[in-house]
Amino acid sequence: MRFNPQTADAHWQKIWEESGTFRASDDSARPKAYILEMFPYPSGRIHMGHVRNYTMGDVLARYKRMTGHNVLHPMGWDAFGMPAENAAMAKKVHPGEWTLANIETMKAQLKRLGFALDWSRELATCDPRYYGHEQALFLDLYEAGLVYRKDSEVNWDPVDMTVLANEQVIDGRGWRSGALVERRKLGQWFLKITDFAEELLDGLGTLDKWPDKVRLMQENWIGRSQGLSFRFRVDSAIAGYDALEVYTTRPDTIFGASFTAISPDHPIAQALAPQDPELAAFIAECKRGGTTAAELETAEKKGYDTGRTVAHPLDPEWKLPLWVANFVLMDYGTGAIFGVPGHDQRDFEFATKYGLPIRRVVAASPEAADAPVVGEADSGGGVIVNSQFLDGLSVEDAKTEVIRRAEAGGWGQGTTVWRLRDWGVSRQRYWGTPIPIVHCDGCGAVPVPREQLPIVLPDDVSFDIPGNPLDRHPTWSKAECPKCGAAARRETDTLDTFVDSSWYFIRFASQPADKPFDKAAAESWLPVDQYIGGVEHAILHLLYARFWTRALKRIGRLDVAEPFQGLFTQGMVTHASFSRVPEGEERPVYFEPSEVERGADGGYTLLATGEPVTVGRLEKMSKSKKNTVDPDVIVDQYGADAVRWFMLSDSPPERDLEWSEAGIEGAWRFVRRLWRLATELEGSEAGGEDRALKRKLHQTIAAVGKAIEALAFNKAVAALYELVNAVEKAPASADRAEAARTMLRLVAPMVPHVAEEAWQALGGEGLIADAPWPEADPALLVDDEVTIAVQVNGKLRDTLTAPKGTAREALEEMALASEKVMRVLEGKPPRKVIVVPDRLVNVVA
RNA sequence: GCCCCGGUGGCGGAAUUGGUAGACGCGCUCGACUCAAAAUCGAGUUCCGCAAGGAGUGCCGGUUCGAUUCCGGCCGGGGGCACCA
């Protein structure tokens, strides 16, 4: 009988579902294991990347169940977001309808893959039963002072009448409308993530089950820098400012200063502008400049000399000019700098352009103190020179000394500055969580009373004209001020969807109807033991979720500091793509694999025209590149197990996996082999021992368990292949029958359908999903005979077999007796013999 | 520019408290079965060489009895950040 996934898959999926096999229990004596994969955005259909991601989590979840854990492995939908509104505009369908239809499709697709998910906890963020609680949490944070409103610059598309994310601005134009994007100041809501900068940074130190790469990326993003904040006295006060506060990480170069510069947005610049039309013009010019990385890269350093001067804090007679410069950022440090052209490249370019002095204050040695700085700034280390009392000190010592003097003299203090900015969460869009705030002319921004939650999105909206439908809805935004009762206006901005994904893992753990979560229940599951998802979320989602969790901890709602104890970032699924750049155009056109054919020379040509096409080998599957493979089609053809096995084979999970026909064929071959091996065994009741096979079995049990716990699925797969090969080759025996049965339990987390089917065929008790993970017998993990490598001068010359634990002297004797060794030695006595017991003998001639 | 990660057969990759490099899979070659094909099974497959043997983990050097593994210097690949003072 052949294994037929078309019937077997559905059969076992139904049984698992009906018996509630994968339901998590809230009260269980077994140790908990919370396994979570990043929930998908319901974009339409599942893609191979999802399949790979969820298969990995599934193997771990099933393995944890078998090793006696109470497993929580839930699934839900990150259901708010722009694609739904784009679909609404393009297809005239309500975003909610579109989203729910997609969820239905994708849920069916996931079910076909046989994932061990607890569907009873399914949630969608676009459900008021979810986002209503999110509004309550937002208000909690608001009351705790962790939410504030501020005017902030945004990219405004004047045609679509919407705010655009930086990624949606292409060459200064809106990606959809093509209109020139304006910079506009709008009142925006912010979450005070900067309040948590230090603990978010320090907390990374506790995340030893996270990839170093991700911790490093977050560390850089948070960006702590230590330096000195100090004041230059202004010669005559400007708009009440009698001092200019600057920040530097190089206080050691304080004697190398040749100018000071402030950002065009600095209050002093703003105060001077009205009396100085030239300055006003310069500031306006700076504002026009683009903000893209490429533009900044090539942007010229430009400045305007205000004509004012400031006094050096260490020498009041030393006057420095005060410039306004385009490269000084208002939102980092104090928005003002002092320029040290000798040792900072930007300052060097600026000084060169405007003829300002370039002074050396750091040199490789005191003798090099007078060497001019030419060509570019000298960023090297060394000793301080030309700096009075700092001369001869190292850079580090000089930093400490200047900070000490500044603090003692009261003109500055050692400061920590962060790169991290507060999180702007306002989005001028419909399909998101409404921000529960009412704006009243008299009372300002007033939080919505709890009893009015959830603030539900109106259904009767249209997307015929651009802009936010909430804004122009006839009644929705009308509200009564909760404070004074006057007519007021509801906030029509919605929350960034990253807020939705910042706490869904808590809601999975506990979902009461009347509150976001129950503290004790949530704490019983959290933190997530293993979180798995794409590395593209290394910073934003993972940082926001960490922040949100810590914010809840601070306000006493949840006693969990870090939401994700273990993190794994899996690689993409890639596939060859076929493209051709048409004559006279720049952008390539992509073709379906069915539109091309392989020529005799190995190159590919277009079937229709015979024109050659370019093969892109390792590209992420995407619709625009026409290199996607629909999981449904593959499952139809090969069944869920073959797809799952392929997703786990070969490539290490953190690296990209190339989809190939040969790969899925190979996986399918393995599934059939397993089935054949198990069912052929039926009735072959030979007795007798097979020590070698038994040992192999136990070594495999240990190896597979270790590999799965390390998420090294490719290694688990390799170990299983070895076992299957060994069982196949072994003659019939009681040990062989036992090995085959045990083998099924070892493959069960990966290929659960064929495992259940074969388990049943072999008369296994109950479901294999409920079977315990086999235990490896430590006595069988070690071989009692070992192969010893025999080297001469570190070069392998021979091998010999010896009982484990053979004495050094005996091994040495055996090695020296080797014919091959004797031939190489040519009768000369060895100078030295190194023996590593049970491993090797190295004869040094 | 700054920071980080990995360079191993035709391909994906295994092996690191330094100890037989190439497990396992894919592909390929030969063979068996078959009228034939598919499927399946067996043998082989780092390179050079008929062989003996030699070379070999990006390149150059070092430490060591012994280096894919440790150290120094290069060369290419990928990723993150970026006018952050």
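For the P atoms, the distance linking B:G56 with B:G22 amounts to 16 Å, nearest Å. Annotation: B:G6 and B:A43 have their C1' atoms spaced 36 Å apart (nearest Å). If you take atom P in B:G7 and the same atom in B:C70, they sit 10 Å apart, rounded to whole Å. With C1' as the reference atom, B:C33 and B:U68 are 43 Å apart, rounded to whole Å. Distance noted for atom C1' between B:C24 and B:C74: 35 Å (whole Å). Nucleotides B:C81 and B:G72 place their C1' atoms 28 Å apart, quoted to the nearest Å. When the C1' atom is used for both B:A15 and B:G49, the distance is 28 Å, rounded to whole Å. Between B:G44 and B:U63, the distance separating the two P atoms is 41 Å to the nearest Å.
Centroid-to-centroid, the aromatic rings of A:Phe338 and A:Phe230 come within less than 6.0 Å. Residues A:Phe259 and A:Phe350 place their aromatic rings such that the two centres sit under 6.0 Å apart. Taking the six-membered ring for Trp and the full ring otherwise, the centers of A:Tyr544 and A:Trp423 sit less than 6.0 Å from each other.
Minimum atom distance to the side chain of A:Trp221 is reached by B:A82, of the listed B:C65, B:C24, B:A82. When each of B:U20, B:G19, B:C3 is scored by its nearest atom to the side-chain atoms of A:Ile834, the top-ranked nucleotide is B:G19. The side chain of A:Lys795 lies closest to B:A55 when the candidates are B:A55, B:U20, B:C24. When distances are taken from the side chain of A:Leu796 to each of B:G19, B:C24, B:A21, the shortest belongs to B:A21. Candidate nucleotides B:C84, B:C26, B:G53 were compared by shortest atom distance to the side chain of A:Ala662, and B:C26 ranks first. In the set B:C3, B:G53, B:G13, the nucleotide with an atom closest to the side chain of A:Asn714 is B:G13. Among B:C84, B:G13, B:U20, the nucleotide with an atom closest to any side-chain atom of A:Tyr332 is B:C84. Counting only heavy atoms from C-beta on, A:Leu840 has its side chain closest to B:G19 among B:G19, B:A85, B:A23.
For B:C83, its base sits under 3.5 Å from the side chain of A:Lys301 at one donor and acceptor pair at least.
Phosphate contact (OP1/OP2 of B:A85, side-chain N/O of A:Tyr247, threshold under 4.0 Å): absent. Note on A:Arg676: every side-chain N or O is 4.0 Å or more away from OP1 and OP2 of B:A39. A close approach under 4.0 Å does not occur between any side-chain nitrogen or oxygen of A:Arg672 and OP1 or OP2 of B:A39. At the phosphate of B:U20, neither OP1 nor OP2 sits under 4.0 Å from any side-chain N or O atom of A:Asn842. Using a 4.0 Å cut-off, some side-chain N or O of A:Arg346 falls inside it from OP1 or OP2 of B:C84. For A:Lys213, no side-chain nitrogen or oxygen approaches OP1 or OP2 of B:G6 to under 4.0 Å. At the phosphate of B:C24, neither OP1 nor OP2 sits under 4.0 Å from any side-chain N or O atom of A:Asn725. Contact between the side-chain N/O atoms of A:Arg421 and the OP1/OP2 oxygens of B:C84 is not found at any separation under 4.0 Å. Side-chain N/O atoms of A:Lys715 include one lying less than 4.0 angstrom from OP1 or OP2 on B:A15.
Nucleic acid contact class of A:Arg797 (heavy atoms, under 4.0 Å, all strands): sugar-phosphate only. Within the nucleic acid shown, A:Thr787 comes within 4.0 Å of at least one base atom, counting heavy atoms only. Within the 4.0 angstrom heavy-atom criterion, base atoms lie near A:Gln791. At the heavy-atom level, A:Arg669 lies under 4.0 Å from the strands shown only through sugar-phosphate atoms. Note on A:Arg419: a base of the nucleic acid sits closer than 4.0 angstrom, heavy atoms only. When heavy atoms are screened at a 4.0 angstrom cut-off, A:Asp331 is found touching no nucleic acid atom at all. Residue A:Leu216 is in sugar-phosphate contact alone, with no base atom involved, counting any heavy-atom pair closer than 4.0 Å across all strands shown. A:Val328 comes within 4.0 angstrom of a nucleotide base, judged by non-hydrogen atoms across all strands. Nucleic acid contact class of A:Tyr721 (heavy atoms, under 4.0 Å, all strands): sugar-phosphate only.
Between the side chains of A:Thr416 and A:Gln226, at least one donor N or O lies within less than 3.5 Å of an accepting N or O.
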Exercise for review: Using Watson-Crick or G-U wobble pairs with both distances under 3.5 Å, give me RNA chain B in dot-bracket, 5' to 3', with [ ] for crossers and | for pairs to another strand.
Suggested key: (((((.(..(((......[....)))((((((.......))))))(((....)))..(((((..]....)))))).)))))....
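For the segment residues 642-655 of chain A, residues with any heavy atom less than 4.0 angstrom from an atom of RNA chain B are, sorted by number, A:Asp650, A:Ser651, A:Pro652, A:Arg655.
At least one side-chain heavy atom of A:Val724 sits under 4.5 Å from a side-chain heavy atom of A:Leu677. Counting heavy atoms from C-beta on, the side chains of A:Val629 and A:Ile634 come closer than 4.5 Å. By the 4.5 Å heavy-atom criterion applied to side chains, A:Met48 and A:Leu657 are not counted as neighbours.
Both A:Met217 and A:Ile788 sit near RNA chain B, but only A:Ile788 has its closest nucleotide nearer the 5' end. Mapping A:Ile539 and A:Gly663 onto RNA chain B via the closest heavy atom, the residue that lands nearer the 5' end is A:Gly663.
In this structure, A:Asn793 places its CG atom 17 Å from P of B:U20, rounding to the nearest Å. Here B:A85 presents its P atom at 14 Å from CH2 of A:Trp418, a figure rounded to the nearest Å. Distance CG (A:Leu720) to C1' (B:A23): 14 Å, rounded to an integer number of Å. Atom P of nucleotide B:G10 and atom CD of A:Glu658 are separated by 18 Å, given to the nearest angstrom. The CD-P distance, from A:Glu536 to B:C81, rounds to 12 Å in whole Å. The CG-P distance, from A:Asn220 to B:C5, rounds to 12 Å in whole Å.
We find that A:Asp838 and A:Lys804 are joined by a salt bridge, their nearest charged nitrogen and carboxylate oxygen being less than 4.0 Å apart. Salt bridge A:Lys399/A:Glu396: present, at least one basic N to carboxylate O contact under 4.0 Å.
A side-chain donor-acceptor contact under 3.5 Å links A:Asp422 to the backbone of A:Ile193.
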Point to revise | From CA spacing to verdict: side-chain hydrogen bond (donor to acceptor under 3.5 Å, both in side chains), A:Tyr721, A:Ser649 | key: CA-CA 10 Å; A:Tyr721 266 117; A:Ser649 307; 5.2 Å; no
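When every heavy atom of A:Val328 is checked against every heavy atom of A:Pro264, the shortest pair comes out as O-CD, 4.0 Å. When all heavy atoms are compared, the tightest approach of A:Val324 to A:Thr306 is CG2-CG2, 3.8 Å.
Glycosidic conformation of B:G42 is anti; the angle lies outside 90° of 0.
Heavy-atom neighbours of A:Glu813 CD from other residues, nucleotides or ligands within 6.0 Å: at or below the threshold of 12.
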